[in-house]
Amino acid sequence: MVHVNIFDTTLRDGEQSPGVNLNQLEKLEIARQLERFGVDIMEAGFPASSKGDFEAVRAIARAIKNSSVTGLARATKSDIDIAWDALKDAAEPRLHVFLATSPIHMKYKLFKTPEEVIQTSVDMVAYAKQRFPQIEWSAEDASRSDLDFLVRIITKVIDAGATVINLPDTVGYATPAEYGYMFRYIRENVPNIHKVSLSCHCHDDLGMAVANSLAAIENGVTQVEGTINGIGERAGNASLEEVAVALNIRKDKYPFTTNLVLKEIKRTSDLVSRFTGMMVPGNKAVVGKNAFAHESGIHQDGVLKNTLTYEIITPEMVGIQSNDLVIGKHSGRHAFKDKIENMGFMLSTEKLQEAFTAFKQLTDRKKEVTDEDLFTILTDIQTDVVDVKKYELLAFQVHYGSSNLPTATVALNTPEGVRVETARTGSGSVEALMNTLEALIKEEIHLTDFKLNSVGQGRDALAEVHVKMTVDGVQVSGRGSAQDVLEASAKAFLNTVNRVFFNKKAVVQVEAAQV
């Protein structure tokens, strides 16, 4: 059976989703989970795009040992140099360099002739080969490029040292038949194609990203690129969990193997959803909450008699357990530690104690504490910013009644360690609370989005709030959770503002390292 490598770009292309803003700690947690999931290559970011992205890529490259870490670079020496500085400590440093090859991109974006595009690609691949053992070259907008031109340029970049050739459907334009034929044509006409691996990278603008990826595999591709939950630019990327399960369920049509651990799918999906604030639709294939639900009486009857009547995927295959109740209020620290390690979390001694305390507090207020609740607690604590000056919530109170004006009073500690307190009103309880917090914070703030979700079910379920705002002109997103909706809202507001201080610290660290 042919082996297919999985190239995950959640941390690069996925983070380019509008409104997504991950900090370094969150990227590290996602990277570690991707490693557990078994991805062969993870694209950690675009090092030259910002100092924060450079620092995150470098941290991931140093932390990940069982997956190859790569970074994106434009076909310029400066981008390649910066990428090397970020990736040189990786177990297997790898570069992903790209240049557009379609007539419309070459003429209107690059202002280059086809010959200039070939020469630039060859020169930059050769330059990168001086440092990187593995180089992936991508023909941006390949699916709208001239096939004979692709043959010419691919032949030359392979001679220059490329080890992977990626032909993306950058704007999600191709059909499965067209996309598969492109790879077949390249395999049949590029004389040195046997020296490299072929890779596909599909966008979902017409809803065909997964189908196109499978068509590419059928036509000789041995590397599939995509993201968790299919997030990404515009309509997103091919959903890796859907590709993985399709290859597994339909082995009769796809005799291929991967290194993915399918039971880690749900955990990986949940982690990415929580950190990005992009909720998974209920009807999403493989990981949606309705993927294994049956409302129709006919369906329910069939499933009760034999699950294969309407279920082709078992929940257990993707890591969904039928009983996810966790240890209870009488459980000790050792049992708690074993539980969270089984969930894939490795906490420091200090954070372990913090998580255990939060867990005990929750068991006093909540009848049943589930894996979902524990997952929320652990991700909050694992990605909490420490050693950074920030705003801290000391106390708050909200007065609301059907005939009264909602009023909130809040007390905070400022980053300078000063206690401040004030009260404001609003048209509702949440707005009053937001107005009060905004009045206490000296940075200029504009709240642009507010989302409220419940963690699990029941009247005692945890509330989770995601907010997006601009802080001193910088777009930031954050989250907060608590049993009380208003407390979760206050935590989310401050978490978002405090990310600005964390990002500033990361920039200072990068500048100091470069000096």
Side-chain angles (χ1 to χ4, degrees), residues 10-11 14-30 33 52 227-233 236 266-282 284 287-289 358 372-385 390-391 393 396 398 408 410 426 428-438 441 443 445-457 461-471 474-503:
T10 302
L11 294 170
E15 203 203 6
Q16 291 174 203
S17 304
V20 173
N21 182 270
L22 300 171
N23 65 30
Q24 183 179 319
L25 294 176
E26 290 166 336
K27 288 184 177 182
L28 271 171
E29 281 303 302
I30 291 175
Q33 180 56 35
T227 60
I228 303 302
N229 299 333
I231 65 173
E233 292 260 24
K266 186 63 167 63
R267 191 196 315 269
T268 311
S269 171
D270 288 347
L271 191 72
V272 170
S273 175
R274 181 150 206 272
F275 286 167
T276 61
M278 299 184 70
M279 298 299 107
V280 176
K284 169 77 165 62
V287 290
K289 68 178 181 180
E372 204 170 8
D373 296 320
L374 197 52
F375 176 83
T376 301
I377 292 172
L378 293 170
T379 51
D380 277 345
I381 289 173
Q382 185 73 318
T383 58
D384 183 35
V385 178
K390 56 186 177 180
Y391 289 98
L393 181 67
F396 77 95
V398 177
V410 178
S429 300
V430 172
E431 186 185 21
L433 183 59
M434 299 287 128
N435 289 342
T436 309
L437 288 166
E438 188 173 335
I441 292 171
E443 285 73 22
I445 294 171
H446 296 285
L447 183 66
T448 58
D449 194 22
F450 177 96
K451 292 179 182 177
L452 172 64
N453 300 285
S454 66
V455 177
Q457 300 176 342
L462 287 174
E464 184 172 70
V465 172
H466 289 263
V467 301
K468 297 175 185 176
M469 61 175 69
T470 58
V471 182
V474 178
Q475 291 188 341
V476 197
S477 59
R479 67 184 186 279
S481 59
Q483 273 195 293
D484 180 78
V485 170
L486 294 175
E487 183 180 354
S489 300
K491 286 183 174 180
F493 191 100
L494 294 178
N495 175 263
T496 307
V497 174
N498 286 333
R499 283 169 184 259
V500 175
F501 298 101
F502 179 78
N503 292 340

Determine the minimum heavy-atom distance between T227 and T10, stating which atoms define it. CA-OG1, 3.4 Å
Would you check if T436 and F396 make a side-chain contact, meaning some heavy-atom pair closer than 4.5 Å? no
Distance-minimising heavy-atom pair for V465 and L452: CG2-CD1, 3.6 Å
Checking the side chain of N495 only, and the main-chain atoms of K491 only, is there a donor and an acceptor separated by less than 3.5 Å? no
Could you tell me if the side chain of E443 sits less than 4.5 Å from the side chain of V500, heavy atoms only? no
Approximate separation, where rounding is to 0.5 Å, of L28 CG and L11 CG: 9.0 Å
Using a 3.5 Å distance criterion without hydrogens, assess whether the side chain of S273 forms a donor-acceptor pair with backbone atoms of M278. yes
To the closest 0.5 Å, what do you measure between OG1 (T276) and NE2 (H466)? 7.5 Å
Any non-hydrogen side-chain atom of L486 less than 4.5 Å from a side-chain atom of V430? yes
Heavy-atom nearest pair, L25 first then N23, reads N-OD1, 3.1 Å
If you look at every heavy atom in V410 and L433, which pair is closest and at what distance? CG2-CD1, 3.7 Å
V280 versus S269: any side-chain heavy-atom pair under 4.5 Å? yes
If you measure from the Lys or Arg side-chain nitrogens to the Asp or Glu carboxylate oxygens, is any gap between R479 and E26 under 4.0 Å? yes
Closest heavy-atom pair, N435 versus G426, reported as atoms and distance to 0.1 Å, is ND2-CA, 4.0 Å
Please report the closest heavy-atom contact between G232 and S17, naming both atoms and the distance. N-OG, 2.9 Å
May I ask you to decide if L271's main-chain N or O and Q33's side chain share a donor-acceptor pair within less than 3.5 Å? no
Taking I231's backbone N and O only, do any of them form a donor-acceptor pair with N229's side chain (distance below 3.5 Å, no angle check)? no
First locate atom CG of L22, then atom OG of S477, and finally report the distance between them rounded to the nearest 0.5 Å. 7.0 Å
Measure the spacing between CG of L494 and CD1 of I441 and express it to the nearest 0.5 Å. 5.5 Å
Quick one: OG1 on T383 to CD on E29, what's the gap to the nearest 0.5 Å? 7.0 Å
Run the salt-bridge test on R274 and D380 with the 4.0 Å N-O cut-off and return the result as yes or no. yes
Close side-chain approach of L437 and Y391, heavy atoms under 4.5 Å: no
Look up atom CE in M469 and atom CZ in F493, then write down how far apart they are to the nearest 0.5 Å. 4.5 Å
